[in-house]
Student: 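Supplied in structure tokens, the structure appears directly below.
Each ligand, and each atom within it, is numbered from 1 in the order the structure gives. Computation of the quantities below employed the complete heavy-atom set of this structure, encompassing side-chain atoms and omitting hydrogens, waters and symmetry-equivalent molecules.
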Amino acid sequence: MAVKGLGEMDQTYDGSNLRVGIVHARWNKKIIDSLVNGAVKKLLELGVKEENIFVESVPGSFELPFGSQLFVEKHEKLGKPLDAVIPIGTLIKGSTMHFEYICDATTHALMKLNFELKIPIIFGVLTCLSDEQAEARAGLVPGKMHNHGEDWGAAAVEMATKFNV
Ligand SMILES: O=c1[nH]c(NC[C@H](O)[C@H](O)[C@H](O)CO)c([N+](=O)[O-])c(=O)[nH]1
């Protein structure tokens, strides 16, 4: 079997019956907007209906775990449960340790949410040492890297469908 590149899908998954939430931070707006657009683009490509993509924002990446949990609970109460959530944030190192603490806390909290909520919670947080690194991973630097938001959209559809019986 050909060795696929990192993160490539092993097959195409059908998102047509999925409801997917995107919860994004509002720090680093230009980068966030591009990442969210990339995730939505991929979700639509994989068949998720536009009316089943629910987008909400929170102040910053530190609020992504609790904001994602509240978003899932809100949709449960509405009788329209989400099948996956893509928390999206961009953390860029400053001159203090603030970056490290938020990255660590947010990463661990998002990982735990998968097991607590029992739906895929995708890790859509860029943890970058410079604006340039973040822009490249949001697909904003021509000829550099692809938009990582697309990877996260693909991961959400795969994880919300492949293990279903
Ligand atoms: O999403 C981010 N939040 C950031 N801070 C805000 C934090 O996520 C919380 O919103 C805030 O601390 C209030 O809880 C960032 N920095 O501080 O650099 C950052 O780069 N990205």
Side-chain angles (χ1 to χ4, degrees), residues 6-7 18-46 48 50 52-78 81-160:
L6 284 177
L18 298 181
R19 273 193 291 270
V20 180
I22 295 175
V23 180
H24 69 82
R26 292 192 295 269
W27 277 61
N28 304 304
K29 178 172 176 14
K30 184 180 79 169
I31 295 163
I32 291 291
D33 288 350
S34 183
L35 292 168
V36 170
N37 290 337
V40 169
K41 171 176 173 278
K42 182 57 72 176
L43 291 173
L44 294 172
E45 278 176 14
L46 293 174
V48 180
E50 191 167 357
N52 287 338
I53 300 173
F54 305 90
V55 181
E56 186 53 274
S57 74
V58 292
S61 294
F62 186 81
E63 283 75 35
L64 286 173
F66 193 42
S68 297
Q69 179 171 332
L70 292 175
F71 204 39
V72 167
E73 290 170 354
K74 173 182 175 182
H75 280 266
E76 282 171 356
K77 288 173 192 160
L78 291 172
L82 298 176
D83 299 293
V85 177
I86 309 171
I88 293 180
T90 299
L91 283 154
I92 299 174
K93 171 82 177 147
S95 55
T96 69
M97 289 289 289
H98 194 221
F99 166 84
E100 284 81 353
Y101 287 112
I102 297 178
C103 289
D104 189 56
T106 299
T107 302
H108 289 292
L110 290 176
M111 172 61 80
K112 275 177 60 184
L113 269 189
N114 283 271
F115 306 101
E116 290 167 358
L117 298 177
K118 296 183 173 35
I119 61 167
I121 307 295
I122 303 305
F123 186 64
V125 181
L126 294 184
T127 55
C128 296
L129 301 179
S130 67
D131 291 342
E132 293 73 25
Q133 281 187 355
E135 287 166 3
R137 285 154 184 77
L140 293 173
V141 180
K144 267 264 187 172
M145 304 174 100
H146 69 283
N147 184 335
H148 284 34
E150 296 185 20
D151 300 338
W152 305 335
V157 173
E158 177 176 349
M159 290 302 290

Student: In Å, rounded to the nearest 0.5 Å, how long is the span from CG of Leu35 to OG1 of Thr90?
Tutor: 5.0 Å
Student: So, are Lys144 and Glu132 salt-bridged, with charged N and O less than 4.0 Å apart?
Tutor: no
Student: Could you label the plane-to-plane angle of the His146 and His148 rings as parallel, tilted or perpendicular, counting under 30° as parallel and over 60° as perpendicular?
Tutor: parallel
Student: Taking N or O atoms only and a 3.5 Å limit, does Phe62 qualify as a polar contact for ligand 1?
Tutor: yes
Student: Could you tell me, atom by atom, which parts of ligand 1 come under 4.0 Å of a heavy atom of Asn28?
Tutor: 20 (O), 21 (N)
Student: Could you tell me if any non-hydrogen atom of Leu64 lies under 4.0 Å from any atom of ligand 1?
Tutor: no
Student: For atom 10 (O) of ligand 1, grab the closest protein heavy atom and report residue, atom and distance to one decimal in Å.
Tutor: Glu63 OE1, 2.6 Å
Student: Looking only at distances, can you tell me whether any N or O atom of Ile92, backbone or side chain, sits closer than 3.5 Å to an N or O atom of ligand 1?
Tutor: yes
Student: What protein heavy atom lies closest to atom 21 (N) of ligand 1? Include the residue and the distance to one decimal.
Tutor: Thr90 O, 2.8 Å
Student: Looking at residues at least two apart in the chain, or sitting in another chain, which of them share a side chain to side chain donor-acceptor pair (under 3.5 Å) with Glu45?
Tutor: Lys41, Lys42
Student: To which protein heavy atom is atom 12 (O) of ligand 1 closest, and what is the distance rounded to 0.1 Å?
Tutor: His98 NE2, 4.1 Å
Student: Begin from the C-alpha positions of Leu70 and Lys74 and carry the test side-chain contact (heavy atoms from CB on, under 4.5 Å) through to its verdict.
Tutor: CA-CA 6 Å; Leu70 292 175; Lys74 173 182 175 182; over 6 Å; no
Student: Starting from atom 16 (N) of ligand 1, what is the nearest protein heavy atom, named by residue and atom, and what distance separates them?
Tutor: Trp27 CZ3, 3.2 Å
Student: Rounded at 0.5 Å granularity, tell me how far CG in Asn28 sits from CG in Asp33.
Tutor: 11.0 Å
